[in-house]
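Letters A, B, ... mirror the listed sequences (proteins, then strands); counts begin at 1.
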Protein chains: 2
Amino acid sequence: MPRRGTATAMAAGGRRATIRDVADRVGVSLITVSRALRRPEVVSGPVRERVREAVEALGYITNRAASGLASGTSRVVPVIVPSLARPAYAAFLDGVQAELAGQGFQVLLGTTEHRVDVEDQLVGALLGWAPAGLILSGVDHSAGTRRRLRGAGIAVVEAMDLADEPLDLNVGFSHRGTGEAAAAHLADGGRRRVAYAGTQTEMDQESVKRIAGFRAALRERGLPDHYILRGDEPSSLAAGGTLLDDLLGRFPDVDAVFFGDDVLAAGAILECRRRGLAVPGRLAVMGADDHEVASASTPAITTIAAPRREIGAVAARMLLDSIRGGPPEVRRVDVGFRIVERESTKGGRT
Amino acid sequence: MPRRGTATAMAAGGRRATIRDVADRVGVSLITVSRALRRPEVVSGPVRERVREAVEALGYITNRAASGLASGTSRVVPVIVPSLARPAYAAFLDGVQAELAGQGFQVLLGTTEHRVDVEDQLVGALLGWAPAGLILSGVDHSAGTRRRLRGAGIAVVEAMDLADEPLDLNVGFSHRGTGEAAAAHLADGGRRRVAYAGTQTEMDQESVKRIAGFRAALRERGLPDHYILRGDEPSSLAAGGTLLDDLLGRFPDVDAVFFGDDVLAAGAILECRRRGLAVPGRLAVMGADDHEVASASTPAITTIAAPRREIGAVAARMLLDSIRGGPPEVRRVDVGFRIVERESTKGGRT
DNA sequence: TTGAAAGCGCTAACAC
DNA sequence: GTGTTAGCGCTTTCAA
């Protein structure tokens, strides 16, 4: 350690103050201090007050490692998301964090970049903290991870998507459903050659399901379901433009496109404008996630909105309830989604 | 604990496997296992291999609390940001997380909502984990937090903004500078009644500094510096529209507005369109953060871009270097920012 | 309401 | 290259 503590408020010797130091200063036993800190109601008023003063004076901070080791659990909750680059997950994380922090729990962050092997590793590493519970986004995990999580004996929430057989607790909405709804919306608007275009779709189970729902709904209506385009760069306006180029190169006759997210859709619309291609006249464009860019584009983009931040908050609440009160009756919450209709899919050729 | 472990891979008795169980199974002492796990090169090949197998078979996971307690430090780094709702901070966090995870460190997340008292509390709580280092966004902290952090004897990075007197390490760009640059850009484009409009500006030190730089640069040019509007709702397209309304109500003659972020600017542009107010003809509009909405708006919005994700990555690298090699020679990195000029501030009345 | 003893699972230091 | 010993700072019994 290259640095050295120089703060005034410290135990003699320059060490960080321990519960022992606080006890000595107050003149009680160490365990009394521990109790005064964790369950103030069980110690006498005067003692409680003097402990408070000594803690303040010494700058005492509970050592979480010691506390966790002795008690076998810690007030920490690992939260695993695919990525922070996508606003949808940032919003989810925000919801979780706000709710958990309010209850004195800390979030340990992990990102998988949509890779199952990374998730396996992360779960292993994070379980080492003896967490009170764990929140995962997504419902598709390796067999090893599922076994490990069940074996850990802690509360687990799978969030964002809906699980057929939840590991424990589950909150989200149907990604398959969003695909079906998008196809229905475009087809019912009179579009006949309806495409999907997205990036990094193979690894991301959410888009795999969305595409499956999308294609199924098209087939049901007797429409072709093979206008599917997958890119591999991350989402950006530029990527949206490129996707549109590729799409029109491969399928020149498409009359509607559902993009993996609003940023791609907005980028495609910019490209349409460059090409002088009318939206929605010639081509209907639809996105997902209800990103600001969808309302700010011209034309404004029809999108799919889901309460991502609220999913995070609900996930956190379900977890806390389970930690405190045991398994709840409601193990699975479907928060739903809705289509926000805007200009980019208006009209069509009914 | 309402649940119970039922996994197959466990030590006898249903407990979670400890290093002791691994040692017994391999037939070596416990410390040998510990070494095989942390510094494989110091144990013999065969032992290393048998430990690996036993770990696998038992599903052993290192107990971080025990490890941290025994060693006095942990591979965990608290990262404190004002909020996750703003994409700029999500990008920063993403950069930190990616870099740290790659080196086997875990991120403990804290958000302050721009409140100094919350930051104080968070720092206290998070130091309890005996972290290897700590990353804060912002450079303005309470005296108590400064003292505490210095006393903790760990590496600390203040990120995003530039500090006059860094606590330890510092990486970011000048927020005052962005304000000056925005004012200069608008004034040099011939605008004479130049306004600033933002939300939640009192608590956010970054915007306080940006406004200070903005006003100073206007005064330097002999322009009025009192066209300043502060809202108090969070940033959104709607809030941008409202700000524009208020602004034109109070200062009907403004000819340019610098918004606190691109989303507000985009919302204002939508409102201008509703009112039939020409941008940039009648009013120049400028934003900040280089959000997608700035390129996707019509007209496209001039903005200020800074490498937020990279700041996070650099912060993480500086921290790791400091943890591993002691205080580095470079303690302060200015990553700079740039104005991205687009249509929304073109022309003017030179 | 308070205290004493024991030990959580690991690592540092020092043998061998 | 491997083992022994002694804690790290707290919480959990159990007892007073």
To the nearest Å, give me how far apart CG (B/L37) and P (D/dT2) are. 14 Å
Of the nucleotides D/dG9, D/dC8, D/dT11, which has the atom closest to the A/L30 side chain? D/dT11
Any A/S34 side-chain nitrogen or oxygen under 4.0 Å from OP1 or OP2 of D/dC10: no
May I ask you to evaluate whether A/S29 reaches the phosphate of C/dG3, defined as a side-chain N or O under 4.0 Å from OP1 or OP2? yes
With a 4.0 Å cut-off on N to O distance, would you call B/E49 and B/R52 a salt bridge? yes
Interatomic distance where CH2 belongs to B/W129 and P belongs to D/dG9 [whole Å]: 16 Å
A/A65 or B/V47, whichever maps to the more 5' nucleotide of DNA chain D: B/V47
To the nearest Å, give me how far apart CD1 (B/I31) and P (D/dG7) are. 16 Å
How far does CD of B/Q97 sit from CZ of B/R309, to the nearest 0.5 angstrom? 9.5 Å
Please report the distance, rounded to the nearest Å, between CG in B/L127 and C1' in D/dG9. 16 Å
In whole angstrom, what separates B/R75's CZ from C/dT11's C1'? 14 Å
Lys/Arg-Asp/Glu bridge criterion (N-O < 4.0 Å) met for B/D21, B/R25: no
What's the CZ-C1' distance between A/R39 and D/dT11, to the nearest Å? 12 Å
Figure out the CZ/P separation between B/R50 and D/dT2, and round it to whole Å. 9 Å
Ignoring the backbone of A/S44, work out which of C/dA12, D/dG9, C/dT1 is nearest its side chain. C/dT1
Candidates D/dC10, C/dG9, D/dT2 - which lies nearest the side chain of A/I19: D/dC10
From the set D/dC10, D/dT12, C/dC10, return the single nucleotide nearest to any side-chain atom of A/N63. D/dC10
Report the distance from atom CD of A/E41 to atom C1' of C/dT1, rounded to the nearest whole Å. 12 Å
Picking from C/dT2, D/dG3, D/dT12, the nucleotide nearest the side-chain atoms of A/R38 would be D/dT12
Under 4.5 Å between any side-chain heavy atoms of B/M160 and B/I311, yes or no? yes
Less than 4.0 Å between a side-chain N and a carboxylate O, is that true for A/D24 and A/R20? yes
Any donor-acceptor pair under 3.5 Å between the side chain of B/R35 and the base of D/dG3? yes
Can you tell which of D/dC8, D/dT12, C/dT11 lies closest to the side chain of B/L69? D/dC8
Closest to side chain of B/V43, choosing from C/dC10, D/dT2, D/dG9: D/dT2
